[in-house]
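Reminder, nothing fancy here: chain letters follow the sequence lines and each chain counts from 1.
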Number of protein chains: 2
Amino acid sequence: MAAKTDGSGPVIPAAIESAWGLRERPPKGPRPGMSVPAIVDAAVRVADADGLAAVSMSRVAKELGAATMALYRYVGSKDELLMLMVDTGYGPSPGPPAPEDDWRAGLTRWAWAEHKVLRQRSWLLHVPISGPPITPQQLGWMEDGLRCLDGTTLGEGEKMSVLLLITGYVRNEATLTSQIAEGSRAAGVDPSEMMPAYGRLVARLIDPARFPALHRVLSAGVLYQDDDPDDEFVFGLDRILDGVEALIQRRAG
Amino acid sequence: MAAKTDGSGPVIPAAIESAWGLRERPPKGPRPGMSVPAIVDAAVRVADADGLAAVSMSRVAKELGAATMALYRYVGSKDELLMLMVDTGYGPSPGPPAPEDDWRAGLTRWAWAEHKVLRQRSWLLHVPISGPPITPQQLGWMEDGLRCLDGTTLGEGEKMSVLLLITGYVRNEATLTSQIAEGSRAAGVDPSEMMPAYGRLVARLIDPARFPALHRVLSAGVLYQDDDPDDEFVFGLDRILDGVEALIQRRAG
DNA sequence: CTAGTTCTGCGTATGGTCTACGCATAACAG
DNA sequence: CTGTTATGCGTAGACCATACGCAGAACTAG
């Protein structure tokens with residue numbers, strides 16, 4: 001009931017420990033008929049096909065031809081399963097930066113790699129994350145990001161903050177574009193018509209006297225055009241990297 | 001079934017229309033015993049007290065002394081209720097920037113205002129947002145943000161992108177700190193012990209040979225200290241604003 | 001004043017969720 | 001061979017959102 005505070009350190013979910021390869025199978029009892037990776041793979045398959053909302057314990061069990069409750073011998077709860085799904089959903093990190101890359105090129109590639117994963121598996125954005133990363137591959141991503149900043153003048157804490165900033169930006173951008181995509185699918189509208197429709201809606205709702213600046217944006221036609229989402233992504237990323245560059249130069253000078 | 005595409009424009013949920021003050025009550029039939037604002041207020045009260053997970057239709061109805069199904073006469077679905085909760089949860093926008101503020105001071109205040117709201121009502125972060133903002137107060141926030149950039153050299157589209165960038169950052173930062181808070185409450189650990197515990201955990205899991213950069217961060221003691229979350233917030237915000245400043249100067253020069 | 005219409009309140013019921021618990025059985029240790 | 005321990009999984013409980021339909025209230029038209 002109380003938090004475990006013995007010498008072993010903080011509590012970790014059992015399935016996470018086994019993801020790190022710690023933990024041996026007890027020698028007694030019947031052989032397990034399934035495995036944690038098989039369950040996680042099945043869950044990822046379901047999420048890829050029908051979205052995160054379709055991932056229920058019974059659905060995953062059906063995918064494996066097993067009974068619902070059988071899964072609970074392998075994962076402690078649905079939340080634990082979700083955590084493992086995130087780990088394998090992201091996949092292996094893109095690897096350390098190429099030797100010829102400076103920090104900016106490295107981080108750009110790093111950000112694009114996450115961007116690409118999130119565009120393909122937008123369900124990752126819907127998983128309620130419940131804490132800082134502790135799974136092997138997630139820490140692998142972090143490691144690769146840190147290496148991009150290796151030669152810079154930044155302190156270790158600053159490096160970490162920069163990565164947090166960038167990964168947060170990537171997630172956020174992906175969330176926005178996936179919402180547009182999902183919204184258009186739900187409304188049965190062509191995705192390229194989504195932003196124009198939004199612009200018309202806002203134009204119909206707002207009073208130009210009360211919302212002058214917004215009205216000006218609408219008049220400029222900004223919301224009506226269906227931009228390339230990648231352009232929007234590049235814009236924000238470049239702003240952030242410009243800000244980081246300013247810091248690096250201040251530290252150097 | 002198909003999307004409505006008549007002259008009235010895109011479909012909007014009934015309760016949103018009434019939030020904008022459009023829509024008259026039909027003259028016939030019994031007087032409504034409740035009102036949409038009363039329901040939304042009750043739901044916000046529940047979320048404030050017990051978190052978003054506690055907001056179920058039956059719980060909100062109980063709060064009002066009404067029957068569960070009675071609510072569906074006022075809101076079309078739970079999702080619609082959530083959208084309205086977000087609108088009133090954010091509250092009125094902070095107002096236009098002070099005349100003596102330049103764009104940077106204005107946006108800083110704007111960002112802090114959202115930061116403050118999200119710190120007080122962290123359940124706002126858990127509401128699955130399903131599209132671009134269309135409620136009155138949300139567009140009010142947008143309007144105020146745009147006004148901060150009024151005198152700058154940026155194009156209308158760029159202004160919008162900058163706001164998206166900042167609001168995304170604020171949400172992201174708030175998400176991270178609220179996760180730490182919620183995680184520590186769930187584990188029954190003192191919040192100030194949370195990051196140190198995380199640092200120890202990572203140190204126990206990773207192999208320094210496989211994760212050298214991460215190991216260096218740990219050795220620097222970065223994860224062990226319990227930073228002031230506001231410092232972290234300021235760091236990221238300053239980076240972003242530096243990036244925006246670089247753009248503004250490029251456009252000006 | 002009456003009849004018709006339309007809206008409200010809400011009870012019932014359906015189908016979904018996660019998961020606590022306990023039992024039968026299988027596999028190993030001694 | 002016996003005891004111990006793990007597995008597979010059925011049952012059941014406690015929630016959840018919400019579709020549907022009915023009783024009755026409040027208005028309008030005649």
Figure out the [atom1]/[atom2] separation between [X] and [N], and round it to whole Å.
X     : N      : atom1 : atom2 : answer
B:R73 : C:dT6  : CZ    : C1'   : 10 Å
B:K62 : D:dC15 : NZ    : P     : 9 Å
B:M34 : C:dG9  : CE    : C1'   : 8 Å
A:E80 : C:dT19 : CD    : P     : 10 Å
A:I39 : D:dC9  : CD1   : C1'   : 13 Å
B:L64 : C:dG9  : CG    : P     : 11 Å
A:L71 : C:dC18 : CG    : P     : 10 Å
A:M57 : C:dT17 : CE    : C1'   : 11 Å

What nucleotide, of [options], holds the atom closest to the side chain of [X]?
X     : options               : answer
A:A67 : D:dG10, C:dT17, D:dG8 : D:dG10
A:K78 : D:dC9, D:dA17, C:dC18 : C:dC18
B:T68 : D:dT7, D:dT18, C:dC18 : D:dT18
A:P30 : D:dC9, C:dA27, C:dT17 : C:dA27

Can you find a side chain N or O atom of [X] that sits less than 4.0 Å from OP1 or OP2 on [N]?
X     : N      : result
A:S58 : C:dT17 : yes
B:Y74 : C:dG9  : yes
A:R31 : C:dC28 : yes

Return the orientation label for the A:Y169 and A:F233 ring planes: parallel under 30°, perpendicular over 60°, tilted otherwise. parallel

Under a cut-off of 3.5 Å for both distances of each Watson-Crick or G-U pair, what dot-bracket string does DNA chain C give, using [ ] for crossing pairs and | for inter-strand pairs? ||||||||||||||||||||||||||||||

Under 3.5 Å donor-acceptor, B:S184 side chain and B:A181 backbone: yes

Is there a donor-acceptor contact under 3.5 Å from the side chain of A:E143 to the main chain of B:L214? yes

Output all residues satisfying salt bridge (Lys or Arg N to Asp or Glu O under 4.0 Å) with A:R171, sequence neighbours left out; order by chain, then residue number. none

Will you find, in the side chains of A:S77 and A:D79, an N or O donor that is under 3.5 Å from an N or O acceptor? no

Assess the side chains of A:T88 and A:Q137: does a donor N or O sit below 3.5 Å from an acceptor N or O? no

So A:M69, base contact, sugar-phosphate only, or nothing? Heavy-atom distance under 4.0 Å. base

Could you pull out all donor-acceptor pairs under 3.5 Å where a side-chain atom in residues 125-133 of chain A meets a protein atom, sequence neighbours excluded?
| unit_1 | atom_1 | unit_2 | atom_2 | d |
| --- | --- | --- | --- | --- |
| A:H126 | NE2 | A:E182 | OE1 | 3.3 |
| A:H126 | NE2 | A:E182 | OE2 | 3.2 |

Let me know, please, whether A:A54 or B:A70 comes out on the 5' side of the other along DNA chain C by nearest nucleotide. B:A70

